[in-house]
Amino acid sequence: MNISRDSFRMIRAVARKDIKELTKEKSFILAVIIQLFIASFSAFLIIGLASFYDPSMLGDVKIEGTSIALIATEEDELYMILQDSNIHTHLYMDYASAYTDFYDHKVDAIVVAPAGKAEGIELLNVDIYLPASEIKATIISLQLKEPLERYEQSVRDIRTQRLDGYSPVELNIVNSKSGTSSTYFEFIYVALIPLLMFTPAFISGGLIIDLITEEYESKTMDLLLASPASMMEIISGKILLATLIVPLQSFAWMLLLSMNRIHIHNTLHILFIVTLIALILVLISTLIATLFRERGVAQLLYSLILIFLFMLSYLFTNSPMNLVTRLSIESIGVLESALWTGTYMLFALLLYMLMTITVKNDPNKL
Amino acid sequence: MPGWLTIAKWELLRSRLKFNILSVIMITLALMLVIMATYMAAQTGMSMNQKIYFVASSDPGLQPIVKFDQRFDYILIDNPTRGHNHEYPADMFIEDNNVYLRDTGKAGAAGDALESTFNTYREMVLTSYNDVNNTHPVWITVHNLQRPQNFQLAGSEQTVENLIREMDDRSSEEHNARERTGAETGAEGFVRPGSTSVSPEDISAMDSIGGKTFFERQRISTPSHFSAPLPFTAILYAFLFIFPIYFISQFYSTSLMDERSNRKGELVLAAPLRGIDIVVGKTVPYILITMIILIAITLYIVGIPSTYPDLTRIFLILASIFPVVLLFFALSFYSAIMSRSFKELTFASVFLSVLLSGYLFLPAMFANIHAISSISPITLIVRLIEGETVLTGTYLFSALPFYLVAISVYAFGTFIFREEDLFTQKNISEKITDSFELFLSKPYGSVFILSIIFIPFVYMAQLMLIVMLFNLPLEYSIILMILLSAMVEELVKSVGIYTLFKRKLAELRLKNVFKYSVLSGTGFFVGEKAITLLTLAPIAGSAFGSVMTMGSLLLLPLLLHIVSVLICSLVMYKKGTSYYLVAVVLATLVHSSYNIVILRGLVF
């Protein structure tokens with residue numbers, strides 16, 4: 001009883017020593033800055049990319065400035081569809097006059113309507129001329145997609161009747177909300193949130209390698225071992241520190257995201273999972289570091305294993321990333337999430353046992 | 001045998017010894033696992049979006065369609081009210097092909113996703129008919145047209161006459177085409193007026209087009225497959241090229257740090273070798289290994305060259321990546337010398353890598369969209385792989401800053417490659433000041449030259465700022481850009497003077513204050529104009545470009561550079577060098593208010 005309390009005190013002492021070193025050297029602060037940097041990039045991605053995906057996101061940004069030239073006649077179906085859409089369409093009779101206006105920046109793209117009719121049998125080819133290396137090319141392509149799809153649909157409505165036994169499945173969304181895009185939603189909840197939540201865990205895995213190999217390489221491990229702390233206690237102290245700083249950082253991310261009005265459900269459960277995964281990664285790194293002791297080798301091996309685990313989590317439902325996504329949007333039942341959390345706990349426990357055995361039977365013990 | 005060659009040989013032998021058999025086996029094993037897992041993951045949709053939406057439906061017929069998309073979890077129920085009795089509520093209920101969405105943001109997204117899934121399913125069913133005229137009747141051909149624009153690319157200036165002639169050619173060609181098809185209509189009906197491409201005649205041709213879009217830009221597609229020119233492949237290339245550089249620079253900096261932490265390096269320093277020999281010797285093996293790996297990657301992407309143009313293309317790709325390698329290594333080198341522990345080294349190298357990757361990645365994502373993207377050498381690589389040509393001006397524009405910054409970082413690092421900086425616990429700002437001090441105390445060293453040397457740094461920092469501020473609304477980003485770039489300029493102009501006074505290389509007298517301010521300001525001005533002439537032409541016409549070059553005014557900027565650095569030096573003269581940062585802020589304010597006045601037309 002007494003012994004275990006003593007050893008816990010040792011562990012705490014080592015953790016405290018490391019935490020002091022971390023804050024003193026300002027490197028922990030640098031880690032936070034790195035993450036802030038990643039965040040500013042993701043802000044770029046959110047605003048920039050999401051709006052590319054979905055021009056409706058741009059909303060009030062001035063894209064009404066773009067207009068296109070359509071070479072067609074007034075009866076053309078494409079003309080009527082484009083008139084219905086919110087693109088400024090100007091009708092031209094021939095390519096030459098359209099090109100003159102394009103060159104003078106009066107229009108930003110030229111669309112040549114097909115001559116054929118929907119009732120015909122030939123393919124209908126729409127030619128689109130976009131301004132090379134201009135951002136407007138992207139915006140116009142995005143704006144044109146929807147009207148063109150409608151045009152395709154209207155042609156198909158006539159032509160697919162000629163197909164044998166084809167009956168289209170029509171879905172009618174009764175209360176559809178305009179302006180909600182799955183791309184944006186999934187970018188936030190499937191890509192951004194898991195990435196931000198787990199980045200501290202990835203960094204911690206690398207951190208513990210430095211903490212351990214440094215003691216070996218600067219020969220301070222001997223000094224530490226000469227103190228009343230045992231090898232196991234020294235390592236545990238480091239593991240404790242590297243794991244516990246992770247939920248703190250993730251929590252800070254959650255606060256930042258909620259300030260941006262991104263709502264996250266089940267925050268406590270997510271933080272618990274993040275801590276668990278951090279523990280798993282830290283334990284793996286500890287194993288590697290005690291076995292190899294050489295910083296470069298250990299870091300390389302850790303990065304490879306990290307990539308492996310990352311790739312692995314694409315393969316099954318409820319991988320840590322997926323679990324966090326599903327929890328954050330309340331798309332998972334209590335039983336299922338508890339089951340998977342339990343699985344990861346079991347995995348962490350196994351790794352902990354493996355680590356204990358390795359450290360205790362260290363072949364190249366000092 | 002030259003000294004550096006000996007060091008290089010040692011380095012190679014030593015790094016081989018570091019890997020024992022166990023670690024080699026483990027690393028190979030891990031590498032195999034990574035390749036296997038990546039291959040398996042590539043077979044899936046490469047997204048961790050499994051079961052994020054929950055669909056309740058009373059129609060069992062919809063199940064195969066919904067299950068076709070891994071995003072949906074599906075449950076069959078016969079009554080909408082029972083859907084809510086489930087553990088967590090369904091996002092939508094489908095009955096008789098009517099979809100009822102719940103009133104949440106997630107349900108809205110789920111509805112959108114369901115629509116696209118049904119579209120994909122419809123495309124799949126239609127494709128199975130193998131009757132392209134009836135299933136995919138509409139095809140889109142995308143052409144790119146040049147026209148004069150705000151961002152003029154170096155070397156691509158077309159004269160107006162040329163363009164008009166081209167236009168005439170086009171319209172007459174167009175005219176002929178229309179007449180031709182007018183005569184031919186009804187015969188086959190595949191040719192369209194103005195169409196320059198051939199429509200695919202069967203499904204297999206369409207498949208081959210679909211496969212091509214991954215590495216080539218999409219030119220022809222059906223409306224459902226039509227997508228904006230967002231070259232995400234560029235990011236893939238960046239990853240392929242940057243990862244090996246990143247890994248090897250890790251080994252490089254670890255090896256340097258190793259020498260320092262164990263004081264092993266003292267032996268090398270005691271040898272009759274110059275510092276530069278040791279630095280070159282320790283660097284060359286790593287650069288060679290990196291370049292060999294990059295050559296292999298290039299050959300993998302482009303294929304074995306068979307013709308002369310292919311060979312030049314590969315050479316150009318390597319020429320574009322080489323400055324990046326050099327800069328990555330230079331930064332690793334400098335941070336290995338600066339850091340006091342492995343922890344600091346890890347953080348410093350990760351931080352600098354993230355910064356540099358940002359500079360490389362973000363512009364490359366817009367490789368096909370915007371001229372400014374050519375500040376990143378990765379963009380050049382993307383263009384070369386896509387079979388475009390890269391002009392010398394464009395190459396200089398993106399590669400020259402990399403070369404110059406890398407070389408000067410190496411130079412400053414080599415200055416402090418000596419015992420008192422390598423093996424003592426000096427703090428980082430002291431070491432940085434050391435490297436300037438050593439430069440300034442050389443016979444050729446002066447604040448004039450120092451300011452010129454800093455120009456590429458300023459240039460890269462300002463380009464980085466453009467990248468970072470690009471997503472803000474123009475009116476804010478211009479102001480921020482003015483403030484921050486003035487700050488960067490003031491910092492580099494005054495740092496030499498700060499070092500002179502701090503390290504007592506020059507007496508803190510009023511005469512010296514004026515003398516060095518004039519020297520530093522003039523040096524900066526000369527360097528700025530030189531680099532403008534060399535490389536800035538591609539973006540000179542844009543709003544951002546004018547912030548950096550300030551148009552054609554000549555005398556005023558010279559005066560400004562001198563005055564603002566003078567303000568900085570005077571504050572140090574009055575208050576002492578510990579007030580350096582305050583002095584820089586003050587000078588920044590003066591500098592940016594001048595810029596705002598000059599650019600008021602842009603800002604307001």
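In what follows, chains carry the letters A, B, and so on, assigned in the order in which the sequence lines appear, proteins first and then strands, with residues in each chain numbered from 1.
- Taking NE2 of B:H136 as the reference point, atom CG of A:L123 lies at 11.0 Å (rounded to 0.5 Å).
- Considering only heavy-atom pairs separated by less than 4.5 Å from chain B, the leading option among A:S313, A:A298, A:S319 is A:S313.
- With a threshold of 4.5 angstrom between heavy atoms, A:I158 does not approach chain B through any atom at all.
- The minimum heavy-atom distance linking A:F308 with B:A37 is given by the pair CD1-CB, 3.6 Å.
- With a threshold of 4.5 angstrom between heavy atoms, B:L29 does not approach chain A through any atom at all.
- Taking CZ from B:F247 and OG from A:S303, the interatomic distance works out to 4.5 Å, rounded to the nearest 0.5 Å.
- Interface check for chain A: of the options B:A110, B:G61, B:S339, B:A113, the most heavy-atom pairs under 4.5 Å are formed by B:A113.
- With values rounded to the nearest 0.5 angstrom, A:D127 atom CG is found 10.0 Å from B:I140 atom CD1.
- Of the residues considered (A:R156, A:E330, A:Q153), A:R156 shows the highest number of contacts with chain B, using heavy-atom pairs under 4.5 Å.
- Among all heavy-atom pairs drawn from A:T325 and B:M48, the shortest one is OG1-O, 4.5 Å.
- To the nearest 0.5 angstrom, A:I329 atom CD1 is 6.5 Å from B:Y53 atom OH.
- Options B:V125, B:I35, B:V99 differ in how many heavy-atom pairs under 4.5 Å they form with chain A, and the most are formed by B:V99.
- Neither the backbone nor the side chain of A:Y189 comes within contact range of chain B, judged by heavy atoms closer than 4.5 Å.
- Per-residue heavy-atom pair counts under 4.5 Å with chain B were compared for A:Q299, A:M321, A:E186, and the maximum is reached by A:E186.
- For the options B:Q50, B:M92, B:M40, B:M257, heavy-atom pairs under 4.5 Å to chain A are most numerous at B:Q50.
- Counting heavy-atom pairs closer than 4.5 Å to chain A, the top residue among B:L345, B:I94, B:L33 is B:L33.
- Contact record, A:N322 with B:N49: ND2-C, 4.0 Å, taken as the closest heavy-atom pair.
- No part of B:D96 comes within reach of chain A, as not one of its non-hydrogen atoms sits under 4.5 angstrom from that chain.
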message: Pair B:T141, A:I128 - check side chain to side chain contact (heavy atoms under 4.5 Å, CB included), show working.
response: CA-CA 6 Å; B:T141 315; A:I128 300 177; over 6 Å; no
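- For B:I65, the part lying near chain A is the side chain, with the backbone staying farther off; criterion is any non-hydrogen pair under 4.5 Å.
- With a threshold of 4.5 angstrom between heavy atoms, B:Y100 approaches chain A through its backbone and through its side chain.
- Taking all atoms of both residues into account, the shortest heavy-atom contact from A:L304 to B:V34 is O-CG2, 3.1 Å.
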